[in-house]
Structures are given as structure tokens and as C-alpha cells.
Amino acid sequence: MVQNDTENLPRHIAIIMDGNGRWAKKRGLKRVLGHQKGVDAVRTVVKTTRRLEIPWLTLYAFSEENWSRPKLEVQALMSILRRFLQSERQEMIQQGIRLQTIGRTDKLPAATRDELAATILATAENNDLVLTLALSYGGRQEIVDAARAISHGIETGALRASDISEELFAKYLYVPEMPDPDLLIRTSGEYRISNFLLWQIAYSEIYITPTLWPDFSEEEYIKAIRDYQRRERRFGGTNESD
Ligand code: IPE
Ligand code: IPE
Ligand code: MG
């Protein structure tokens, strides 16, 4: 990207990091090695997002449905996440990155939860980039959790049915202050959402690349951002004045 091509940058980028297994398979390697290699792409994307001063990045790291994978693969993913947090914590602190999570993280193994808690605490005062990891995350589950919390409010008399609006509903999502993603990227060429941020992507611009996640480079990331910068967003309206 040319140095001052900063007009119209997305404020929030969300990424479905897909294709680790296929990356490994193509090389005759175990799927887990694809996940390990995927960590390098995570580092690259976080670094580039920070450099471009984009304030929100959300990465889909583990879906609620991913629990159905073989136990060994799930264990490997959890330990890769744990080691990633350990090795990156200092860098996050220095780079002004705040870590948070969305999802039913109480289901993660204790050792992974501990590293998450330590990193969240250590980066809590940072404000330059909010890095959100979607872990044990499902868009439908998030909506159900919100509906349950709202219903509880009604049961206790704190809310009335007529209070429910889009704005109120959004306050019950996992991170109410998170702006909706402007740009949603999916790697590995699959044309689906796989239960990611269902509520929040209503008007997100979608970019799909056949590149497998471990091969997703800074160059390719910037290409996706440039593509976004050229798009015309309408939000249901028109751009004609009369
Ligand atoms: C994405 O890669 C990582 C996770 C879902 C955790 P996959 O493991 O889904 O890789 P493919 O889609 O099988 O290639
Ligand atoms: C989506 O990828 C979840 C993550 C990237 C964490 P999947 O590989 O689980 O999605 P499907 O099964 O291809 O829809
Ligand atoms: Mg996949």
C-alpha cells in the first residue's frame, strides 16, 4: 500500500481463518502442522493491522462446532493457542494491543483459560488495537445468549417487551462496544459464514480468497483492504442525490 493510502480504511476487520488442514494435506503433513503454520499468518495480520492503525481486528480461531473434531486435533489447537499467548504477550503490551475474546470460553481447558486471563489482564489498558479472538464461538449461540439475558430482564421486571429494539438487543451481545465489521475476509475459497458474527455482519463487505490461511501474506491482506477501499457501500440506500 502506498504510504498515504489511508483514506476509507476499514475500522473493523473480521477474518475467518480457514484452510490450515488443506495446507498441510497438500504437503503430505498432519493437519496440526497446518495449524502451527497458521500462527505465522496471525502474527503478520496483527502486525499489519496495527501498522495501518486499524483499531479493531477479530479472528475466528475456534468455532463452537469445532468441538466435534477429533480430540487430538482439539488438544493441539488449544496448546497452540496457549503457546501463542505466552510468546506474544510482551509484544502485545508493547504494541498497544488489547486482547479480548468472544464465545463460550468457559468450555476451554483450564491451562488455556489461564493464559487468556493473564493476557487480557496484562493488555487491559491498551487502546491502539483491540484484538478479539472468537473462541468456542458461534453466532447463533451469541444471539441465544443475548435472548436469554433479555428474557431474564423481563422476568425480573427490569425490562419490558416493548423496550426491545435493535439497539437494546445489540447491548446484550458478547462485546456491545465492538463496532460491526466493515470488512469480512475468508480464506481457502469457501463461500460460507460458518456461524461467524451473524448479527454483526448484516452490512459487512465480504472478501473471499482461495489462498489457504497459512499462505495468507501481508501482500494479500493489503490487497483485500485495497479492494474494500474501492467499494461503494450503500446500506440499502442509493448514492444519487435526487
Ligand atoms: C481453520 O482450518 C482452522 C480452524 C477451523 C481451527 P481448518 O482446520 O478448518 O482447515 P481445512 O478447512 O480443513 O483445510
Ligand atoms: C470456520 O472454519 C471456523 C474457523 C475458521 C475457526 P471451519 O473449517 O470450521 O468451517 P466449515 O466446517 O468449513 O464450514
Ligand atoms: Mg476449515
Side-chain angles (χ1 to χ4, degrees), residues 12-46 49 56-85 87-88 99-109 111-113 115-116 131-145 173-175 178 181 183-201 204-217 220-221 224:
H12 181 185
I13 300 179
I15 307 183
I16 303 174
M17 312 183 288
D18 195 20
N20 295 349
R22 275 162 284 171
W23 183 92
K25 201 171 163 199
K26 254 175 53 181
R27 289 164 178 76
L29 303 170
K30 293 234 160 67
R31 294 176 56 82
V32 170
L33 286 163
H35 296 315
Q36 261 160 21
K37 188 72 170 82
V39 174
D40 294 340
V42 172
R43 281 198 195 93
T44 301
V45 161
V46 172
T49 311
W56 297 83
L57 173 68
T58 300
L59 301 176
Y60 202 7
F62 193 81
S63 75
E64 185 65 28
E65 290 74 28
N66 287 150
W67 288 114
S68 70
R69 293 191 178 197
K71 206 171 148 202
L72 278 178
E73 182 173 347
V74 171
Q75 277 173 355
L77 280 164
M78 293 302 148
S79 83
I80 289 168
L81 171 62
R82 191 161 42 77
R83 277 179 280 132
F84 168 79
L85 293 166
S87 71
E88 298 307 303
L99 185 88
Q100 62 176 12
T101 61
I102 49 175
R104 293 180 174 171
T105 48
D106 52 309
K107 293 169 79 174
L108 301 176
T112 309
R113 272 188 280 129
E115 290 301 332
L116 275 172
L131 171 62
T132 307
L133 295 182
L135 290 167
S136 192
Y137 176 84
R140 286 186 172 178
Q141 290 83 355
E142 179 173 27
I143 290 168
V144 167
D145 286 350
L173 297 173
Y174 292 144
V175 183
M178 181 165 91
L183 171 61
L184 171 70
I185 298 174
R186 181 166 190 150
T187 59
S188 93
E190 236 62 79
Y191 284 77
R192 54 180 175 255
I193 299 298
S194 302
N195 204 13
F196 192 38
L197 300 178
L198 296 180
W199 174 279
Q200 297 89 336
I201 60 169
S204 300
E205 294 293 326
I206 299 177
Y207 182 93
I208 294 172
T209 167
T211 302
L212 304 173
W213 178 252
D215 289 328
F216 192 71
S217 60
E220 180 121 24
Y221 188 39

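Residue numbers start at 1 and run along the sequence shown. Just so you know, ligand 1 is whichever comes first in the structure, and atom 1 is the first atom listed for that ligand.
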A.B. asks: Check this for me - ligand 2, D18, N or O atoms closer than 3.5 angstrom, yes or no?
C.D. replies: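 The answer is yes, given that D18 and ligand 2 share an N or O pair closer than 3.5 Å.
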A.B. asks: How far does CG of L197 sit from OG1 of T132, to the nearest 0.5 angstrom?
C.D. replies: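 The CG atom of L197 sits 9.0 Å away from the OG1 atom of T132.
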A.B. asks: For Y221 and T44, indicate whether the former's side chain and the latter's backbone hold a donor-acceptor pair under 3.5 Å.
C.D. replies: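 Not at all, since once roles are kept as given, no pair shorter than 3.5 Å links the two residues.
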A.B. asks: Considering the heavy atoms of H35, write down every atom of ligand 1 situated less than 4.0 Å from one of them.
C.D. replies: 3 (C), 8 (O)
A.B. asks: So for ligand 2, is S63 a polar contact partner (N or O within less than 3.5 Å, distance only)?
C.D. replies: no
A.B. asks: List every atom of ligand 1 that sits less than 4.0 Å from any heavy atom of M17, numbering the atoms from 1 in the order shown and giving each element.
C.D. replies: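 What qualifies from ligand 1 is 1 (C), 3 (C).
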A.B. asks: Applying a heavy-atom cut-off of 4.0 Å, say which part of E64 lies close to ligand 2: side chain, backbone, both or neither.
C.D. replies: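 No part of E64 is near ligand 2 at this cut-off.
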A.B. asks: Can you tell me how the ring of Y137 sits relative to the ring of Y174, calling it parallel under 30°, perpendicular over 60° and tilted otherwise?
C.D. replies: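 Geometry flag for Y174 against Y137: perpendicular rings.
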A.B. asks: Of all the atoms in ligand 1, which lie at a distance below 4.0 Å from a heavy atom belonging to R31?
C.D. replies: 7 (P), 8 (O), 10 (O), 13 (O)
A.B. asks: What part of A61, side chain, backbone, both or neither, has a heavy atom within less than 4.0 angstrom of ligand 2?
C.D. replies: backbone
A.B. asks: Under the salt bridge (Lys or Arg N to Asp or Glu O under 4.0 Å) definition, can you give me all pairs with a residue in residues 134-145, not counting sequence neighbours?
C.D. replies: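 Found R104-D145.
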A.B. asks: Looking only at heavy atoms, is any part of R22 under 4.0 Å from ligand 2, and if so is it the side chain, the backbone, or both, or is it neither?
C.D. replies: neither
A.B. asks: Would you mind finding which of N20, L81, I16 brings a heavy atom closest to atom 2 (O) of ligand 1?
C.D. replies: N20
A.B. asks: How close does the nearest protein non-hydrogen atom get to atom 12 (O) of ligand 2, and which residue and atom is it?
C.D. replies: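 For atom 12 (O) of ligand 2, the nearest protein heavy atom comes out as R192 NH2, 4.5 Å.
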A.B. asks: A24 and G34: which non-hydrogen atoms are nearest, and at how many Å?
C.D. replies: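 Between these two residues, the closest heavy atoms are CB-N, 3.8 Å.
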A.B. asks: Where the side chain of T187 meets the backbone of D18, is there a donor-acceptor pair that is under 3.5 Å apart?
C.D. replies: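 Yes, T187 side chain to D18 backbone: donor-acceptor pair under 3.5 Å.
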A.B. asks: Less than 2.8 Å from the Mg ion (ligand 3) is the window; count the protein N, O or S atoms in it.
C.D. replies: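 Under the 2.8 Å cut-off, the count stands at 1.
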A.B. asks: Run the numbers for me: atoms of ligand 2, each under 4.0 Å from some heavy atom of R69, listed by number.
C.D. replies: 7 (P), 8 (O), 9 (O)
A.B. asks: Using a 4.0 Å heavy-atom threshold (strictly under), name the region of F196 that reaches ligand 2: side chain, backbone, both or neither.
C.D. replies: neither
